[in-house]
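Here the structure comes first, spelled out in structure tokens, and everything after it is commentary.
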Amino acid sequence: MRCVFNHHFKMTVPPMSEIRVRFAPSPTGYLHIGNARSALFAWLFARANKGTFILRIEDTDRKRYVQGAEQVIYESLRWLGLDWDEGPEVGGDYGPYVQSQRTDIYRQAAEALIESGHAYRCYCTPERLAALREEQQRRKENSQYDRHCRHLTEEERAVYEQAGKPSVVRFKTPLEGATTFHDYLRGDVTFENAGLDDLVLLKSDGYPTYHLANVVDDHRMKITHVLRADEWISSTPRHVLLYRAFGWEPPKFVHLPMILSPDGGKLSKRRGAVSLLEYRDRGYLPEAVFNFLALLGWSPGDDREKMSVEEIVSVFTLDRMSPKGAAFDETKLEWLNGQYIHELSTEDLLNRVAPLWRDAGFIEGDEMGAERDRLLSILTLLKERARRLTDFVEGARYFFEDPQEYEEKGRRKHWKKPDVGERLNALKDRLETLDVFNEEHLETALRGLAEERGISAAKLIHPARLAISGRSFGPGFFEMMEVLGKETVLRRLDRAMRVLIS
RNA sequence: GGCGCAUUCGUCUAGUGGUUUAGGACAUCGGCCUCUCACGCCGAAAACAGGGGUUCAAUUCCCCUAUGCGCUACCA
């Protein structure tokens, strides 16, 4: 479609924006909520600026690689609604977009740096490095590589090479001076070069480290803005140094604040950090999660809380991002999710709840016709008190099954008076006479009965609700009975009375 | 330990050198509605980390301290 458009209006089409941003996760497991939020902001920045959003898989750590993790990443992003313009499964002009398929590129880049005198081979064994670190820590010195191999003579180097000693490629970090970079949210950040290590660029297994791969790829993929979590701030001066060594212009850096656990600490598996898809499984809607995540660190500048994706895209700017880490408060997400559920059409809601009801054994196959109408009625009754899709499972159980037990609290409160059985029986007799079993007639009948007996309607409603649903709370009593139907209501009243006697 | 980043109600945040008795939302508490539970509505309580400066004036600018977080790997 874009081609057709360009063909006919070639001269009037505004030039494509230069903005290119990427999300570059590692396939080391599920996509957790913090990464998802970084992806979301990168995506928002791209979409808000008519730029290009690129997905790149950074699978250069073979030890931590988890089989199938890429698929989980794709599924997670798609669930949240973050589509990518270039990357795995969609292609693009700067591929491949999986780093393990680009090892030649990194190797050549590392070689070039050695050639130009910006990097060197290091033959130190992991054991030597570990011992060095230990010694430095014992002496309370800063642990840093001692640059042993940086000073090797040609002869020593030749000996190692001839012996086939494994090596890594290290960057020759300048020994003096300082490196400053501009962070979009924090301004200039400066690091003393002396505090930086001679970082490893190429590992002995031939794979690049993040530092090399990320710089090389961001340059080759023409990334204009690097949006990533602020845990990368201290690595950024090294990256800037690398760009300079290559003679490349660095991109703009935007370090996004991180998500904290509710108690303020780092989000970890133990403290509420769960995968994005787990939120899906716990009954959250993608639009609610999107909205919530966007408001964690960004605000529209006014009092809006519930905002659609389109709305957010239309007003999103980096300037309104906060540099401060934010605690993930699920209570508010739950509230927001409830807002979305309440506004969903019942039809839409049914499509989302049906799979859960199928799993629970409430329904089978695709429910159509009259049965579908009944399901929609049930949802109408439950909708406004639901906050998560999963609330529709236990909350709806008694619409599909007769209650097997009666809530203890309700029994104590509504069933303890000696005349309860008699009241229920009178109600049952009255309801039996109804030809039209709808909300209006039910209410008239019950209130009429209450008046005749000189008791409040509540004296009938509460015990009967417990008898019919097994619960002391729920939707309006009369509408609930209408949806349940005469036969079911009478049967359940009977059963409850038998339980009362025993 | 070193280096770096951050710091407004419990939480997410708005805000400006004087217009602020610092605004909104969630949560909390109280009330209304009501057949219960929710929803909704009304109301309450709740914050500029501390100390120095700069200034006629600082929550807003600077410095220090404290606290939190991050990095300090042949992990990303």
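Sequence lines set the chain letters: A, B, ... in the order given, protein chains first and strands last, and positions in each chain run from 1.
Across the P atoms, B:rC29 and B:rG70 are found 33 Å apart, a figure rounded to whole Å. On the C1' atoms, B:rC39 is 23 Å away from B:rC12, given to the nearest whole Å. Comparing the C1' positions of B:rA73 and B:rA14 gives an interatomic distance of 42 Å, to the nearest angstrom. When the P atom is used for both B:rC62 and B:rC5, the distance is 13 Å, rounded to whole Å. Rounded to a whole angstrom, the distance from the C1' atom of B:rA27 to that of B:rC9 is 12 Å. For the C1' atom pair drawn from B:rU65 and B:rG24, the interatomic distance equals 33 Å after rounding to whole Å. Atom P of B:rA66 sits at a distance of 40 Å from the matching atom of B:rA44, rounded to the whole Å. With P as the reference atom, B:rG15 and B:rC75 are 42 Å apart, rounded to whole Å.
Considering only the side chain of A:T209, B:rC75 comes nearest among B:rC75, B:rC39, B:rU36. For A:W335, the listed nucleotide lying nearest its side chain is B:rC26; candidates were B:rG70, B:rC26, B:rC39.
By the 30° and 60° cut-offs, the orientation of the rings of A:H414 relative to A:H462 is parallel. By the 30° and 60° cut-offs, the orientation of the rings of A:Y210 relative to A:W232 is parallel. A tilted orientation is assigned to the rings of A:H211 and A:H239, their planes being inclined by 30° to 60°.
Proximity of A:T60 to the phosphate of B:rA76: a side-chain N or O atom is located under 4.0 Å from OP1 or OP2. Of the side-chain N and O atoms in A:R228, none sit less than 4.0 angstrom from OP1 or OP2 of B:rA76. Phosphate proximity of B:rG40 to A:Q339: present, with a side-chain N or O under 4.0 Å from OP1 or OP2. Contact between the side-chain N/O atoms of A:R471 and the OP1/OP2 oxygens of B:rU36 is not found at any separation under 4.0 Å.
Pair check for B:rU34 finds none; no Watson-Crick or G-U wobble contact set falls under 3.5 Å. Across all strands shown, B:rC75 forms no Watson-Crick or G-U wobble pair with both key distances under 3.5 Å. Shown here, B:rA45 forms no base pair; nothing in the strands shown gives a Watson-Crick or G-U wobble contact with both key distances under 3.5 Å. Base pairing of B:rA57 is not made with any nucleotide, judged by Watson-Crick or G-U wobble geometry with both donor-acceptor distances under 3.5 Å. Across the strands present, B:rC39 finds no partner; the criterion is a Watson-Crick or G-U wobble pair with both atom distances under 3.5 angstrom. Here B:rG17 sits opposite no nucleotide as a Watson-Crick or G-U wobble pair (both hydrogen-bonding atom distances under 3.5 Å). Under the Watson-Crick or G-U wobble criterion, with both distances below 3.5 Å, B:rA27 has no partner in any strand shown. B:rC3: Watson-Crick or G-U partner is B:rG70, with both key distances under 3.5 Å.
A:E334 meets the side chain to side chain contact (heavy atoms under 4.5 Å, CB included) test with A:Y284, A:R387, A:R388; sequence neighbours excluded.
Among the heavy atoms of the strands lying under 4.0 Å from A:G474 is at least one base atom, whether or not backbone atoms are also near. A:P475 comes within 4.0 angstrom of a base, heavy atoms only. The residue A:R133 sits close only to the backbone: its heavy atoms come under 4.0 Å of sugar-phosphate atoms, none of a base. Note on A:S143: only backbone sugar-phosphate atoms sit closer than 4.0 angstrom, heavy atoms only; bases stay farther off. Within the nucleic acid shown, A:V200 comes within 4.0 Å of sugar-phosphate atoms alone, with no base atom in reach, counting heavy atoms only. Residue contacts shown for A:P237 are absent, as no nucleic acid heavy atom lies under 4.0 Å away. When heavy atoms are screened at a 4.0 angstrom cut-off, A:S204 is found touching base atoms of the nucleic acid. Here A:C124 lies in heavy-atom contact (under 4.0 Å) with a base.
If you find the closest nucleotide of RNA chain B to A:W232 and to A:T331, the one lying nearer the 5' end belongs to A:T331.
No side-chain donor from either of A:Y97 and A:D217 sits under 3.5 Å from a side-chain acceptor of the other. No side-chain donor from either of A:S456 and A:R447 sits under 3.5 Å from a side-chain acceptor of the other.
Of the residues A:K428, A:K417, A:R453, the one that meets the salt bridge (Lys or Arg N to Asp or Glu O under 4.0 Å) test with A:E422 is A:R453. Considering A:Q137, A:E135, A:Q136 as possible partners of A:R139, the one that fulfils the side-chain hydrogen bond (donor to acceptor under 3.5 Å, both in side chains) test is A:E135.
Between the CD1 atom of A:I57 and the C1' atom of B:rA76 there is a distance of 13 Å, rounded to whole Å. Following rounding to the nearest Å, A:R465 (CZ) and B:rU34 (P) show an atom-to-atom distance of 16 Å. Following rounding to the nearest Å, A:F477 (CZ) and B:rC37 (P) show an atom-to-atom distance of 15 Å. The distance from atom CG of A:L349 to atom C1' of B:rC39 is 15 Å, rounded to the nearest whole Å. Following rounding to the nearest Å, A:H239 (NE2) and B:rC71 (P) show an atom-to-atom distance of 13 Å. One can place CE of A:M307 at 14 Å from C1' of B:rA25, the figure rounded to the nearest angstrom. If you measure from atom CG of A:L446 to atom P of B:rU36, you get 13 Å, rounded to the nearest angstrom. With rounding to whole Å, A:R62 atom CZ is found 11 Å from B:rC74 atom C1'.
Annotation: proximity of residues 378-394 of chain A to RNA chain B (heavy atom, distance under 4.0 Å) is found for A:E384, A:R385, A:R387, numbered in ascending order.
Side-chain rings of A:Y279 and A:F328 approach one another, their centers coming within less than 6.0 Å.
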With B for base contact, S for sugar-phosphate-only contact and - for none (protein heavy atoms under 4.0 Å), nucleotides 2-14 of chain B reads SSSSSSS--SBSS

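Residues A:H118 and A:F171 meet the side-chain proximity criterion, which asks for heavy atoms closer than 4.5 Å.
The backbone N or O of A:R150 lies less than 3.5 Å from no partner atom in the side chain of A:R121, so there is not a single donor-acceptor pair. Formation of a donor-acceptor pair under 3.5 Å by the A:T60 side chain with backbone atoms of A:Y207 is not found in this model. A:E287 places no side-chain N or O within 3.5 Å of a backbone atom of A:Y340 that could act as its donor or acceptor partner.
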